[in-house]
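The structure appears right after this line, and notes come after that.
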Amino acid sequence: MSKIHAAITAVNGYVPDYILTNQELETMVDTNDEWITTRTGIKERRILKGEGKATSDMAVPAVKGLLEKRGIGAEEIDLIVFCTCTPDMPFPSTANILADKIGAVNAWGFDLQAACSGFIYGLTTGAQFIESGMHKKVLVVGGDKMSSIINYKDRTTCIIFGDGCGAVLLEPNTEGLGVMDSILKSDGSGCPYLNIKAGGSLHPASHETVDAGMHYAYQEGRTVFKFAVTNMADVAAEIMERNRLTADDVTWLVPHQANKRIIDATAERMGLDEDKVMVNIQRYGNTTAGTIPLCLWEWEDQLKKGDTLILAAFGGGFTWGAVYLKWAYGA
């Protein structure tokens with residue numbers, strides 16, 4: 001019997017309409033377009049506007065479009081893995097909220113929190129349920145409403161992050177296509193450098209925590225950059241070496257969109273030319289768990305059956321990793 005792999009059989013994404021440009025940020029904090037572009041590669045990012053709008057409200061159109069593409073109903077979904085660090089609320093899980101909103105009445109689900117590495121953690125997790133034979137259709141969603149946890153007076157974070165959501169469907173494949181290998185890592189000693197200090201059991205929400213701005217994302221940029229450049233590049237190279245892949249074998253690098261310099265360093269470490277790297281950071285900024293599935297969505301029409309993809313990410317925690325994937329459909 002052929003080995004079962006978990007293959008992506010459909011992908012879709014959603015970004016809000018509102019565009020927050022570098023020029024608008026110049027009116028909010030002490031920064032400018034040249035400074036932002038030079039250091040990050042970001043020109044604009046999308047922001048989810050409107051009263052009562054949450055992360056699940058971006059996931060709904062992303063997933064409905066995915067189901068329509070695949071020609072299946074929501075009731076056919078077995079499991080939803082929702083990768084996010086901005087859940088609608090602490091509980092119930094946003095996966096369960098999404099299931100209710102789309103009518104996935106036969107699915108169970110959970111949220112997975114690994115910050116910017118969330119999607120590759122979730123993809124690897126979802127794949128296990130396919131490979132084991134336990135499930136036939138697993139939905140992996142990566143999305144964040146980062147604007148809900150950003151202080152727009154803090155130029156170290158507000159220039160970087162945006163809102164967006166992407167989703168993929170995993171199904172069994174016996175043609176040798178799908179998730180082939182993954183390397184996932186974490187290091188909790190990175191906690192002081194990238195975090196939200198309040199809102200958990202350590203510092204429950206109070207007037208004091210709100211007044212102190214402890215519910216906003218905090219980042220010590222230089223330290224995070226140094227760790228990200230090294231670890232994201234190293235793990236991408238490691239998964240290539242482990243699977244005896246050369247730069248010629250890799251069709252696409254699908255990197256987390258945190259910083260153009262980190263993306264370039266990863267591609268260089270892998271020996272890849274720029275035309276093999278998916279980059280949309282200039283339009284969307286860092287959508288955290290949403291970046292990699294949004295890239296897959298935007299490049300879907302260029303992907304061919306059998307293409308070799310390396311997905312790589314680095315996030316708060318610290319978390320990082322890479323996935324070796326063989327694309328399962330297309331021309």
Side-chain angles (χ1 to χ4, degrees), residues 35-42 83 85 112-124 142 144 146 156-157 159-161 180-196 217-247 249-250 252-282 284-292 295 308-325:
W35 192 91
I36 297 170
T37 305
T38 302
R39 285 161 179 77
T40 68
I42 301 168
C83 314
C85 64
L112 190 155
Q113 212 286 62
C116 296
S117 304
F119 183 77
I120 61 170
Y121 272 40
L123 190 66
T124 303
D144 276 292
M146 293 303 293
T156 64
T157 55
I159 65 170
I160 298 169
F161 294 99
M180 309 305 291
D181 192 16
S182 61
I183 300 172
L184 304 178
K185 302 191 177 190
S186 65
D187 180 358
S189 68
C191 175
Y193 309 111
L194 186 52
N195 60 58
I196 293 178
Y218 166 81
Q219 176 171 281
E220 190 176 299
R222 288 183 180 178
T223 304
V224 174
F225 178 83
K226 184 178 72 172
F227 272 88
V229 163
T230 303
N231 289 317
M232 190 164 134
D234 284 354
V235 78
E238 183 183 346
I239 204 163
M240 286 176 66
E241 291 162 11
R242 190 159 93 174
N243 291 279
R244 298 182 176 83
L245 299 171
T246 68
D249 297 321
V250 177
W252 293 100
L253 166 63
V254 192
H256 170 53
Q257 310 285 305
N259 184 297
K260 182 61 163 59
R261 291 181 292 168
I262 297 172
I263 294 170
D264 291 345
T266 302
E268 184 178 348
R269 180 86 163 78
M270 296 168 68
L272 299 181
D273 295 332
E274 322 191 309
D275 59 1
K276 285 188 167 189
V277 185
M278 296 185 188
V279 181
N280 59 15
I281 190 173
Q282 69 278 12
Y284 303 137
N286 182 350
T287 56
T288 306
T291 65
I292 289 176
C295 279
T308 295
L309 279 58
I310 301 294
L311 285 51
F314 182 90
F318 291 131
T319 60
W320 68 100
V323 173
Y324 163 32
L325 177 77

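Basis for what follows: all heavy atoms, side chains included, without hydrogens, waters or symmetry-related copies.
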Assess whether side-chain contact (heavy atoms from CB on, under 4.5 Å) is satisfied between Thr287 and Met146, documenting all intermediate values. CA-CA 7 Å; Thr287 56; Met146 293 303 293; 5.9 Å; no

Nearest heavy-atom pair of [X] and [Y]: which atoms, and what distance?
| X | Y | answer |
| --- | --- | --- |
| Lys276 | Ala247 | NZ-O, 2.9 Å |
| Val229 | Ala265 | CG1-CB, 4.0 Å |
| Cys83 | Gly122 | SG-CA, 3.7 Å |
| Gly118 | Leu112 | O-CD2, 3.9 Å |

From [atom1] ([X]) to [atom2] ([Y]), nearest 0.5 Å:
| X | Y | atom1 | atom2 | answer |
| --- | --- | --- | --- | --- |
| Met278 | Thr291 | CE | OG1 | 12.0 Å |
| Trp252 | Leu325 | CH2 | CG | 14.0 Å |
| Cys85 | Ile196 | SG | CD1 | 6.5 Å |
| Gln113 | Asp144 | CD | CG | 8.0 Å |
| Ile160 | Ile36 | CD1 | CD1 | 9.5 Å |
| Ile42 | Thr37 | CD1 | OG1 | 9.0 Å |

Residue pair [X] / [Y], side-chain heavy-atom distance below 4.5 Å:
| X | Y | answer |
| --- | --- | --- |
| Thr266 | Pro255 | no |
| Asn280 | Gln257 | yes |
| Leu184 | Tyr121 | yes |

Any residue meeting side chain to side chain donor-acceptor pair (under 3.5 Å) with [X], in chain and number order, not counting sequence neighbours:
| X | answer |
| --- | --- |
| Glu220 | Thr223 |
| Thr288 | none |
| Thr308 | Lys326 |
| Tyr284 | Glu298 |

What do the steps show when you test Lys260 against Val279 for side-chain contact (heavy atoms from CB on, under 4.5 Å), and what is the final call? CA-CA 8 Å; Lys260 182 61 163 59; Val279 181; 4.1 Å; yes

Given side-chain contact (heavy atoms from CB on, under 4.5 Å), test Ile159 with Thr40 step by step and report yes or no. CA-CA 9 Å; Ile159 65 170; Thr40 68; 4.2 Å; yes

Can you list every salt bridge (Lys or Arg N to Asp or Glu O under 4.0 Å) pair that touches residues 309-321, not counting sequence neighbours? none

List the residues meeting side-chain contact (heavy atoms from CB on, under 4.5 Å) with [X], not counting sequence neighbours, and say none if there are none.
| X | answer |
| --- | --- |
| Thr156 | Asp154 |
| Ser189 | Asp187 |
| Ala228 | Ile262, Phe314 |

For Leu245, is there any backbone N or O sitting under 3.5 Å from a side-chain donor or acceptor partner on Asn243? no

Please report, to 0.1 Å, the donor-acceptor pairs under 3.5 Å made by any side chain of residues 231-242, with sequence neighbours excluded.
unit_1, atom_1, unit_2, atom_2, d
Asn231, ND2, Phe227, O, 3.1
Asp234, OD1, Arg269, NE, 3.1
Asp234, OD1, Arg269, NH2, 3.4
Glu238, OE1, Lys185, NZ, 3.1
Arg242, NE, Asp181, OD2, 2.9
Arg242, NH2, Asp181, OD1, 2.7
Arg242, NH2, Asp181, OD2, 3.1
Arg242, NH2, Ser182, O, 3.1

Check against side-chain contact (heavy atoms from CB on, under 4.5 Å), Leu253 and Met270: CA-CA 9 Å; Leu253 166 63; Met270 296 168 68; 3.7 Å; yes

Taking only distance into account, with no hydrogens and no angle test, what donor-acceptor pairs under 3.5 Å do side-chain atoms of residues 316-323 form with protein atoms, sequence neighbours excluded?
unit_1, atom_1, unit_2, atom_2, d
Thr319, OG1, Ala114, O, 2.9
Thr319, OG1, Ser117, OG, 2.9

Just to verify, which of Thr157, Asn195, Leu194 counts as forming a side-chain contact (heavy atoms from CB on, under 4.5 Å) with Tyr218? Asn195

